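These notes are about the structure you will find just below.
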Amino acid sequence: MAQHFLLSAEARTLSLKAIYQGGEEKAYEAFKRLRWQETKGEPVCPKCGCLDHYAITTRRKFKCAACHAQYSVTSGTMFASRKLSFTDLLAAICLFVNGSKGMSAVQFSRDLDVQYKTAFVLAHKLREALAAETANEILDGEVEIDGAYFGGHVRPENREEDRRDRRRTENRSDRRRVVIALRERKGRTLSFVRNREAEGVEIARARLVAKAKLFADEATHWDVLEMQFETGRINHSEAYSDGNGKHTNFVESYFSRLRRMVSGQHHHVSHRYLYQYANHAAWLEDHRRRSNGANAFALLGGALNHPVSRVWAGYWQRRAA
Ligand SMILES: [Zn+2]
């Protein structure tokens, strides 16, 4: 029997051992190479784009020869004003991509030996960076659409006579949200957090090419999409697949990863940040057949080309204010 990819040596190309044996200078070189990919690691002034600079070697900083701005490899990126060393940041990213069902902030803080708040914000910044990969993605070919509800659990009363029908809208929590996912077979997975699954109709119209073939279940709100796209519908009360490619099994396996992430790693997720976990699970799903080193460096490259996070920079300081 063929060996599963995740068990093969090709799947593990980066390890904590290698990162720490390589040391700070080697990790710093990796940051430079991924920040300034077009110049193969040669510094570029973030203010004016000039290549000429003076190196302030002792502080790992540069001074622009044209505009005299001082900058570092992380200036203007989501790692600006970082406190972790380059090795620790690289190790953090390695751990983060290795967690195939996500990473709780508690576990992350223990593994990195940093405060919970630091780990929480770092993980959310990384999720923001990985989501940027598909921010403008338009799907083509065979695409599956589906929705799954998360959060807003209403605990049943202990005594039966106190219980209310939790299926009724008025008895549901206002924190309940639906994750709507579009998954291109052999392509990317896009996720969106909304209040109702029917809102997926507008999303499909915006994120699919006109000639895409769409697969959906029997829910009636998808009916209108049949006027716009070639559509294959599968009635889940009868079958999960017709045996000829009419199914939503790929998008379902995305939801099962997200469910395991939420129940196994996070236990409880805020409806405000559900989109982050949904994007994280989509990224893991899409890159599950790539080595952990390739995933780590892709994520680091994404983070180093992502501006300072509006949501996560100074998160705890703003919460305290
Ligand atoms: Zn400059």
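Every number for a ligand or one of its atoms is a count from 1 in the order of the listing. Note that the structure is a prediction, hence the values are computed from the model and not measured.
The Zn ion (ligand 1) has no N, O or S atom of Cys50 inside 2.8 Å of it. For the Zn ion (ligand 1), the N/O/S atoms of Cys64 include one lying under 2.8 Å.
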Working for ring pair (Phe, Tyr, Trp, His ring centres under 6.0 Å), residues Tyr275 and His280: CA-CA 8 Å; Tyr275 73 97; His280 187 179; over 10 Å; no
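The six-membered or imidazole ring of Tyr273 lies near that of Trp312, with a centre-to-centre distance under 6.0 Å.
Here Cys48 contributes SG and Cys67 contributes SG, and at the Zn ion (ligand 1) these two atoms make an angle of 120°, given to 10°.
In this pair, Phe120 and Tyr315 present their aromatic rings tilted. The plane angle is within the 30 to 60° band.
Annotation: cation-pi geometry not satisfied between Arg185 and Phe250 (NZ/CZ under 6.0 angstrom from ring centroid, within 45° of ring axis).
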